[in-house]
2 protein chains.
Amino acid sequence: MFNNPSWFTEANTSWGTGFSLQIKAKICEEQSPYQKVAIYETTHFGYLMTIDDIIMLSTCDNFLYHEMMSHPVLFTHPNPKNVVIIGGGDCGTLKEVLKHPVDSVVQIDIDEKVTQLAEKYFPELCSSNNDPRATLLFQDGIRWMQEAKTGSIDIIIVDSTDPIGPAEGLFNQAFYEQCYRVLREDGLLVQQSESPLIHQQLLKDMRHAMKKADFTDLLTITFPQPVYPSGWWSATIAGKKQLPLFRKDEATFNQLATKYYQFAIHEAALTPIPMLKDVLGLNNK
Amino acid sequence: MFNNPSWFTEANTSWGTGFSLQIKAKICEEQSPYQKVAIYETTHFGYLMTIDDIIMLSTCDNFLYHEMMSHPVLFTHPNPKNVVIIGGGDCGTLKEVLKHPVDSVVQIDIDEKVTQLAEKYFPELCSSNNDPRATLLFQDGIRWMQEAKTGSIDIIIVDSTDPIGPAEGLFNQAFYEQCYRVLREDGLLVQQSESPLIHQQLLKDMRHAMKKADFTDLLTITFPQPVYPSGWWSATIAGKKQLPLFRKDEATFNQLATKYYQFAIHEAALTPIPMLKDVLGLNNK
């Protein structure tokens with residue numbers, strides 16, 4: 001099934017799905033100190049980046065993930081000024097965050113190789129990297145968080161790989177406790193939380209760990225994401241206070257230049273769907 | 001890539017994607033006068049039905065498609081009493097429609113084999129087949145529509161296979177003209193319209209044909225659907241009059257027993273996303 005050179009396939013027997021993209025050529029494969037990063041040219045999805053043979057993003061559909069990792073949480077916070085992105089080396093989330101009137105965004109990805117290849121093959125995602133409000137650091141995000149000043153950040157976006165390899169330490173209570181400490185009173189944490197259909201145990205474990213780290217209110221949002229397992233993905237927002245769902249009026253939302261995100265999407269994403277209410281044991285929300 | 005017996009793979013070089021489900025066993029394969037229908041038992045997605053080796057539905061995720069093919073259009077119509085489903089032989093859409101206070105639902109699928117296998121392997125979808133309001137016919141939906149009485153139906157749901165094989169005649173102006181004739185003044189047609197990401201030409205052609213058949217207002221809604229190509233799917237609603245988007249209050253929507261659909265999903269689905277506005281050349285909606 002997985003040996004045809006004209007297709008890149010990611011399959012996993014833990015949840016029984018596979019996804020393939022037809023490729024024209026493998027452009028490069030580079031081993032960093034942390035992981036193997038590869039770029040393919042696909043027939044229909046533009047460029048594809050993989051890390052350790054797991055699909056990270058394609059030109060064609062990354063807008064869904066990047067918009068939904070940034071705008072819902074930014075429009076939930078009352079006044080976000082200082083934002084941190086852990087991971088996010090392709091710079092797509094950074095670009096979306098910088099569409100908001102924030103004062104600073106610090107992106108901390110452990111692997112500079114990811115950003116170097118993104119600048120070359122996904123330049124459209126890196127077009128805001130020189131924004132004076134942006135700082136790109138290449139170091140360990142867990143350590144950065146441990147050393148960050150208490151109560152200094154409004155929003156932390158954990159835009160990481162799956163919870164294996166370098167990103168494993170981003171999915172546990174100890175890390176969330178550091179995030180809680182570093183966030184201001186209105187602060188929000190958001191983390192990609194895998195597929196709502198096939199990774200429900202991970203989702204439950206993540207939410208449990210966030211609660212144990214003292215986050216008061218959690219909201220799991222869902223959105224389509226074709227190149228990730230099941231094509232349906234989620235992110236979980238954690239607040240130190242009860243989460244307000246909306247900050248501004250419809251017109252303000254829709255002024256953003258986006259392809260997917262808009263006011264009605266925000267409203268739907270932040271209203272937990274019945275299936276997730278059942279799975280997560282939520283009662284009144 | 002496609003020869004491993006423990007995976008069922010559907011791939012298509014026209015849009016360069018493939019999707020695979022891990023299987024425990026192939027349960028049966030039956031050749032009807034129209035097509036080859038097969039059932040597999042998967043490792044994680046329950047049962048899988050394929051027609052001519054194209055994925056139709058799985059136990060695990062069909063609720064997304066069936067809810068979104070029925071509730072948005074039923075809650076858009078002011079007072080739907082008489083509903084027709086063309087195709088839909090697995091009976092999942094029928095079951096959702098019957099959650100509404102309609103007077104009659106006629107389901108016309110050309111192939112009785114599909115319903116026979118659904119009753120055996122997807123009994124949860126067929127639990128309303130004996131509802132006195134339901135009529136199951138096994139005949140040609142195109143011909144049925146040609147012979148139906150003018151102005152006799154409120155909603156037509158075209159829940160068909162892809163536009164190849166038996167369903168080809170359901171994707172053109174001549175068929176839409178018959179639907180237009182058969183619908184009452186407030187009548188609505190809805191048809192599955194493939195992936196908003198990778199089937200944009202089909203979507204444009206379908207909408208063009210609906211307009212040529214005199215439908216006044218069109219709305220393309222999108223939703224996740226893991227087992228279909230790209231995992232992101234659409235349906236297009238066509239109205240003889242300007243489409244009202246909402247009929248009832250939030251509480252009424254949320255009284256339905258659903259897993260995905262609810263008021264906020266309805267609102268978001270019926271608000272065209274920016275990408276589709278661009279692709280479809282829509283200006284003010």
Side-chain angles (χ1 to χ4, degrees), chain A residues 1-7 9 11-24 42-45 60-61 63-64 195-198 222-233 254 256-278, chain B residues 1-7 9 11-24 42-45 60-61 63-64 195-198 222-233 254 256-278:
Chain A
M1 172 194 184
F2 311 118
N3 299 323
N4 189 316
S6 72
W7 291 83
T9 294
N12 194 306
T13 55
S14 296
W15 47 82
T17 70
F19 178 72
S20 307
L21 286 173
Q22 195 180 1
I23 58 173
K24 287 183 189 170
T42 71
T43 55
H44 292 74
F45 276 62
C60 171
D61 76 333
F63 66 92
L64 291 156
S195 167
L197 195 70
I198 61 181
T222 71
F223 49 90
Q225 184 51 59
V227 302
Y228 287 175
S230 85
W232 193 21
W233 214 243
N254 293 343
L256 281 180
T258 55
K259 292 183 175 179
Y260 178 69
Y261 179 84
Q262 57 184 344
F263 178 72
I265 292 290
H266 182 99
E267 200 169 15
L270 272 74
T271 307
I273 58 174
M275 181 198 77
L276 276 185
K277 284 197 221 172
D278 282 351
Chain B
M1 174 191 184
F2 311 118
N3 299 322
N4 189 316
S6 71
W7 292 84
T9 295
N12 194 307
T13 55
S14 295
W15 48 82
T17 70
F19 178 72
S20 307
L21 285 173
Q22 196 180 2
I23 58 173
K24 288 183 189 171
T42 71
T43 55
H44 292 74
F45 275 63
C60 171
D61 75 333
F63 66 92
L64 291 156
S195 167
L197 194 70
I198 60 180
T222 71
F223 48 91
Q225 184 51 59
V227 301
Y228 287 174
S230 86
W232 193 20
W233 213 242
N254 292 343
L256 281 181
T258 54
K259 292 183 177 181
Y260 178 70
Y261 179 85
Q262 57 185 345
F263 178 73
I265 293 289
H266 181 98
E267 201 170 12
L270 272 75
T271 306
I273 58 174
M275 183 197 77
L276 275 185
K277 283 197 222 173
D278 281 350

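Numbers restart at 1 for each chain; the letters A, B, ... are given by sequence-line order, proteins then strands.
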Which answer fits A:Leu197, side chain, backbone, both or neither, if we ask what part of it has an atom under 4.5 Å from a heavy atom of chain B? side chain
Less than 4.5 Å apart, side chain to side chain, heavy atoms only: is that true for B:His44 and A:Thr17? no
Let me confirm one number: the CD1-CG distance from B:Ile198 to A:Asp61, rounded to the nearest 0.5 Å. 10.5 Å
With rounding to the nearest 0.5 angstrom, report the OG1 to CD distance, A:Thr271 to B:Gln262. 6.0 Å
Taking A:Glu267's backbone N and O only, do any of them form a donor-acceptor pair with B:Glu267's side chain (distance below 3.5 Å, no angle check)? no
Measure across A:Phe45 and B:Trp15 and return the closest heavy-atom pair with its distance rounded to 0.1 Å. CE1-O, 3.9 Å
What part of A:Ser14 lies closer than 4.5 angstrom to a heavy atom of chain B: side chain, backbone, both or neither? backbone
For A:Gln225 and B:Gly231, indicate whether the former's side chain and the latter's backbone hold a donor-acceptor pair under 3.5 Å. no
Please classify the contact of A:Ile23 with chain B as side chain, backbone, both or neither, using a heavy-atom distance under 4.5 Å. neither
State, to 0.1 Å, how close A:Trp7 and B:Ala11 come at their nearest heavy-atom pair, and which atoms those are. CH2-CB, 3.8 Å
Atom group of A:Tyr261 that falls short of 4.5 Å from chain B, counting heavy atoms: backbone
Measuring heavy-atom distances to chain B, does A:Tyr260 have an atom under 4.5 Å in its side chain, in its backbone, in both, or in neither? both
Per-residue contact mode, A:Ser230 against chain B (heavy atom under 4.5 angstrom): both
Non-hydrogen atoms of chain B under 4.5 Å away: do they reach the side chain of A:Asp278, the backbone, both or neither? neither
Below 4.5 Å, heavy-atom pairs only: which of B:Thr13, B:Thr43, B:Thr42, B:Leu64 has the largest tally toward chain A? B:Thr13
side-chain contact (heavy atoms from CB on, under 4.5 Å) with B:Pro274: which of A:Leu256, A:Ile265, A:Thr258? A:Thr258
